[in-house]
Amino acid sequence: MKTVNKYLEKGLAVAANAGWFVYEKMNRINPNPSFTPKWSDKPLLKSYQKTKPPLGWPRTTDSLCPKCVPEIRQQIVDGKMPVEILKNDKLGEIKAQIIERDGKILMVKDCPIHGHFEDVMAMDPAFFKHLEEVFPGRDIRAHNDEKLHDHGSSTIKHGRGSVLTVDLTNRCNMMCDPCFMDANQVGFVHELSWEDIQTLLDNAVSIKPRRQMSVQFSGGEPTLSPYFLDAVRYARKVGFNSVQAATNGIEFAKSPEFCKQAAEAGLRYAYLQFDGIGNAANEHRAVGNLFDVKLRAIENLHNAGVEIVPVTTIINGINNEQVGAIIKFALDNPKKISFLSFQPVSFTGRDEEITDDRRQAQRYTLSHLAHDVKNQVGIGEPIRDWFPISFMGTFSDWADLVHGPSNDWGQLNCGCHPNCGIGMAMMIDKETKEAAPVTAFLNAEQFAKDLMKVNDAARGKRLSLLGAGLALLRNYDPFQAPTHFRIKDLMMKFDKSFGASGKDYGKVTGDRTAEDIKKRRADRWNFLFIAGMWFQDLFNYDFRRTEQCIIPYATQEGEISFCAYNTGVGWRNIIEKMHMTATLTKWYEENGRHEIFAGGNNVNLTTTEHSLKLDDSLVAKDVQHDLDSVGIAKTAREEKQRARALKMKLSDQENARMAKLYRQHILKEEAAPEAPIVQLKGLGKAKPESTGVAGD
């Protein structure tokens, strides 16, 4: 019966293919002009109106010198240079070339002062080319944003954003390596007041195109802020329907009640720091029971109605072997995990002064991720199944068209540069746990091309729904889909993702209830999205990426690109110092010290019980030892310790040499005679003298 259904669905797909050609031919006749939606002062863009940055290679772009920039930044932080200089001058900027050499894509650049720099951007040129070729183009240019987007070369110019990050505090209850903000180490506290939080969120909704945008509260550890729950509530109040927290999970693991309060306030997603399966895989974070913390956090948050997104910073030689283990964990727990975010390491913050040897050994790119997924899990063909996350822009455009001109918010649009992020979608049967990449049974590239034609014609809701339905069906292969997956499931998942038909799948707006959460989770099929987001550092910085940033930071000095804030010219260091709340000493005097888990100590949990399925062999796996055999430091802390030890050793040798010269030339002491070298003829029994007989 199942096979019969598959053949019937194949017939329907063939019929849809025929119907598409009739629809598309009629659709070309007198297309409608684009309308200007309520959330923008500019009309929706046709596909052919979208611009693209220079792509392909070899190409030239604007970058930064990894040595000049920290020096300039420090002068601004110290008050020796005005911050306005970053808006008017191009300090530290140099040209860079993106080239192919020895089967890799590289960024190479030369500073007239500090010399030559180069780094790997991809270890698979074909994959890199694929990502750039399917990029649909930039989103509507930002407007009504002059007060918030004014940061010189670092200014965001395109798009509506997708996740606005608000750092509530730079305090943290961990001492991690890596840490792009150098939490607990900068000597002062930068913590937003309640008035600051309200102002930043109010400002965010003033930008056009107005965003159906997520707000992510971060830090430091955002749950340490006394205004965390209030901030979540206020974000919902001003209209953001997807409120997130980027968290290490400690406070959520300790208290189910806190999870419940966060969910009631409106927290929808927890972006949970998650480095691997088992405590050994998390050992480099220096908390003894960190994996137990993660499991309890997932359990408590899910029970409260909050969705969990494990977020993994991937470092070559440290935890890249965990990619497959983490995906297997998600596949084994499809009712609790529907999104994975892998973030190749950015050498900034604590790691900005990294040595060339460690950087080259630990560099990890998006192409590494796609190949590691295939090699470690046996899932996904890099070029068939992975796309830049901006590829979804065509589908967002369609949703904007269908929702019409009177909608208050634009659709979520991840319109970043194709070198910034990638994704692969998996369809998982929650009951049987059978899984397959969506692009194994849906020709996504052709589907997007078909949908562009629907968008460009701008026929209105009904005809746009019809066109999308035909395009979806004609690109569907039922024989490659999971056993129990049906065409109606495909149509439902598409509709649920974009809210096109208006059918109630459970609300996601600020007034959603526990019943809405239950209704959305009742779906048999888990659309697991595996994403890779690669933040820049000074060694691979590209201003063409900065201009399209979709994950800006909201700060007292405007909204700034994620990469320009945390690396680039380093606006974080400057702004946090400008708006410092208190020195660390004064803060501790007035507020006391918050608990910090480091040095291998444990978080006190009332229980370690959970309902998650684990592979015991993965939990018991030892730490990765790749870098041990080559003598490469694993962390910035270890690198500094080695540098200090070497400096002390060299200093001791130099002191001994100078003391010897002082005794010889100043005190006129005669040098002690060198001890004679004694040749030892043998040990134990004496060797007999030769007898002179042949063969002796």
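Numbers for residues simply follow the sequence, beginning at 1.
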field: CD1-OG distance between Ile550 and Ser561, expressed to the nearest 0.5 angstrom
entry: 10.5 Å
- request: For Gln322, enumerate each residue passing the side-chain hydrogen bond (donor to acceptor under 3.5 Å, both in side chains) test, keeping only those at least two apart in sequence or located in another chain.
  value: none
- request: Check side-chain hydrogen bond (donor to acceptor under 3.5 Å, both in side chains) between Thr365 and all other residues, then give those that pass, not counting sequence neighbours.
  value: Ser367, His368
Within 6.0 Å of CG in Asp504, more than 12 heavy atoms from elsewhere: yes
query: Hey, is the main chain of Gly276 close enough, under 3.5 Å, to the side chain of Asn282 for a donor-acceptor pair?
result: yes
message: Suppose we screen for salt bridge (Lys or Arg N to Asp or Glu O under 4.0 Å). Which residues come up paired with Glu283, at least two apart in sequence or across chains?
response: none
query: Is there a donor in the side chain of Asn566 and an acceptor in the side chain of Thr348, or the other way round, less than 3.5 Å apart?
result: no
query: Does the side chain of Ser206 pick up a donor-acceptor pair with the side chain of Asn203 at under 3.5 Å?
result: no
- request: Under the side chain to side chain donor-acceptor pair (under 3.5 Å) rule, what do Gln624 and Asn320 come out as? Steps first, then yes or no, please.
  value: CA-CA 9 Å; Gln624 197 168 332; Asn320 58 294; 2.7 Å; yes
field: side-chain contact (heavy atoms from CB on, under 4.5 Å) evaluation trace for Asp615 with Phe329
entry: CA-CA 8 Å; Asp615 183 328; Phe329 173 74; over 6 Å; no
Backbone N/O of Glu609 and side chain of Arg296: donor-acceptor pair under 3.5 Å: yes
field: Working for side chain to side chain donor-acceptor pair (under 3.5 Å), residues Glu221 and His594
entry: CA-CA 11 Å; Glu221 172 54 42; His594 62 272; over 6 Å; no
message: Under the side chain to side chain contact (heavy atoms under 4.5 Å, CB included) test against Phe252, which residue among Leu272, Thr223, Asn300 passes?
response: Thr223
Asn279 side-chain N/O to Leu290 backbone N/O, donor-acceptor pair under 3.5 Å: yes
query: Any side-chain donor-acceptor pair under 3.5 Å between Ser225 and Glu191?
result: no
field: Distance in Å, Ile315 CD1 paired with Gln343 CD, rounded so as to fall on 0.5 Å steps
entry: 11.5 Å
message: Suppose we screen for side-chain contact (heavy atoms from CB on, under 4.5 Å). Which residues come up paired with Asn601, at least two apart in sequence or across chains?
response: Phe597
- request: Indicate the ring-plane relationship of Trp194 and Tyr234, choosing parallel, tilted or perpendicular according to the 30° and 60° boundaries.
  value: perpendicular
message: Between Tyr269 and Phe339 (judged by ring centroids, cut-off 6.0 Å), do the two rings come close enough to count as a pair?
response: no
message: Given 3.5 Å as the limit, does a donor-acceptor pair link the side chain of Asn289 with the main chain of Val603, or not?
response: yes
field: Plane angle bin for Phe395 and Phe494 - parallel if under 30°, tilted between 30 and 60°, otherwise perpendicular
entry: perpendicular
- line: Contacts of Lys507 meeting salt bridge (Lys or Arg N to Asp or Glu O under 4.0 Å) (sequence neighbours excluded), chain-then-number -> Asp511
message: If the threshold is 4.0 Å, N to carboxylate O, is there a salt bridge linking Asp537 and Arg363?
response: yes
task: Sequence neighbours left out, what passes salt bridge (Lys or Arg N to Asp or Glu O under 4.0 Å) with Glu299? Give chain and number order.
output: none
query: With sequence neighbours left out, what residues match Arg524 under side-chain contact (heavy atoms from CB on, under 4.5 Å)?
result: Asp429, Glu431, Thr432, His484
field: Glu307/Lys336 under salt bridge (charged side-chain N to carboxylate O under 4.0 Å, His left out): CA gap, chis, key distance, verdict
entry: CA-CA 7 Å; Glu307 306 305 326; Lys336 291 185 171 66; over 6 Å; no
message: Once rounded to the nearest 0.5 Å, what's the spacing between atom CD of Gln244 and atom OG of Ser242?
response: 4.5 Å
message: Main chain of Val311, side chain of Gln273: is a donor-acceptor contact present, judged purely on distance under 3.5 Å?
response: no
- request: Taking the side chain as every heavy atom from C-beta outward, state whether Lys328 and Leu618 have any atom pair closer than 4.5 Å.
  value: yes
message: Which residues pass the side-chain hydrogen bond (donor to acceptor under 3.5 Å, both in side chains) test with Lys493, not counting sequence neighbours?
response: Asp523
message: Using side-chain heavy atoms (C-beta onward) and a distance below 4.5 Å, is Leu584 in contact with Arg593?
response: no
message: Donor-acceptor pair, distance only, cut-off 3.5 Å: does the side chain of Gln548 make one with the backbone of Gly415?
response: yes
message: Between Asp516 and Lys519 (salt bridge meaning N to carboxylate O under 4.0 Å), is one present in this structure?
response: no
query: How about Val373 and Val323: do any of their side-chain heavy atoms sit closer than 4.5 Å?
result: yes
- prompt: Would you say the side chain of Trp534 lies within less than 4.5 Å of the side chain of Asn419, judging by non-hydrogen atoms?
  reply: no
message: Regarding Glu251 and Lys254, does a basic nitrogen lie under 4.0 Å from an acidic carboxylate oxygen?
response: yes
field: Ser501 versus Asp495, side-chain donor and acceptor atoms under 3.5 Å
entry: yes
task: Please examine the side chains of Asn602 and Asp292, heavy atoms only from C-beta on, and report whether any two atoms are closer than 4.5 Å.
output: no
message: Determine whether Asp385 and Lys374 satisfy the following criterion, salt bridge (charged side-chain N to carboxylate O under 4.0 Å, His left out), listing intermediate values before the conclusion.
response: CA-CA 10 Å; Asp385 298 326; Lys374 179 181 179 180; over 6 Å; no
- request: Could I get the full list of ring pair (Phe, Tyr, Trp, His ring centres under 6.0 Å) partners for Phe342, not counting sequence neighbours?
  value: none
Verdict with supporting geometry, Ser193 and Asp196, side chain to side chain donor-acceptor pair (under 3.5 Å): CA-CA 5 Å; Ser193 67; Asp196 288 333; 3.1 Å; yes
task: Using a 4.5 Å cut-off on heavy atoms from C-beta on, say whether the side chain of Asp167 contacts that of Tyr565.
output: yes
message: Just to verify, what does Ile422 make a side-chain contact (heavy atoms from CB on, under 4.5 Å) with, not counting sequence neighbours?
response: Phe127, Leu131, Leu366, Leu369, Trp386
query: Is Lys260 atom NZ crowded by more than 12 heavy atoms from other residues, nucleotides or ligands, each under 6.0 Å away?
result: no
field: Qualifying residue for side chain to side chain contact (heavy atoms under 4.5 Å, CB included) with His610, from Leu612, Thr608, Thr607
entry: Leu612
- prompt: Taking only residues two or more places apart in sequence or in another chain, which ones pass side-chain hydrogen bond (donor to acceptor under 3.5 Å, both in side chains) with Asp372?
  reply: Tyr364
task: Verify the ring-centre separation between Trp571 and Phe562: is it less than 6.0 angstrom?
output: no
Residues which pass side-chain contact (heavy atoms from CB on, under 4.5 Å) with Ala286, listed by chain and number, not counting sequence neighbours: none
message: So Ser390 and His417, do their side chains get closer than 4.5 Å, heavy atoms only?
response: no
field: Lys294/Asp275 salt bridge by N-O under 4.0 Å criterion
entry: no
Residue pair Ile250 / Met174, side-chain heavy-atom distance below 4.5 Å: yes
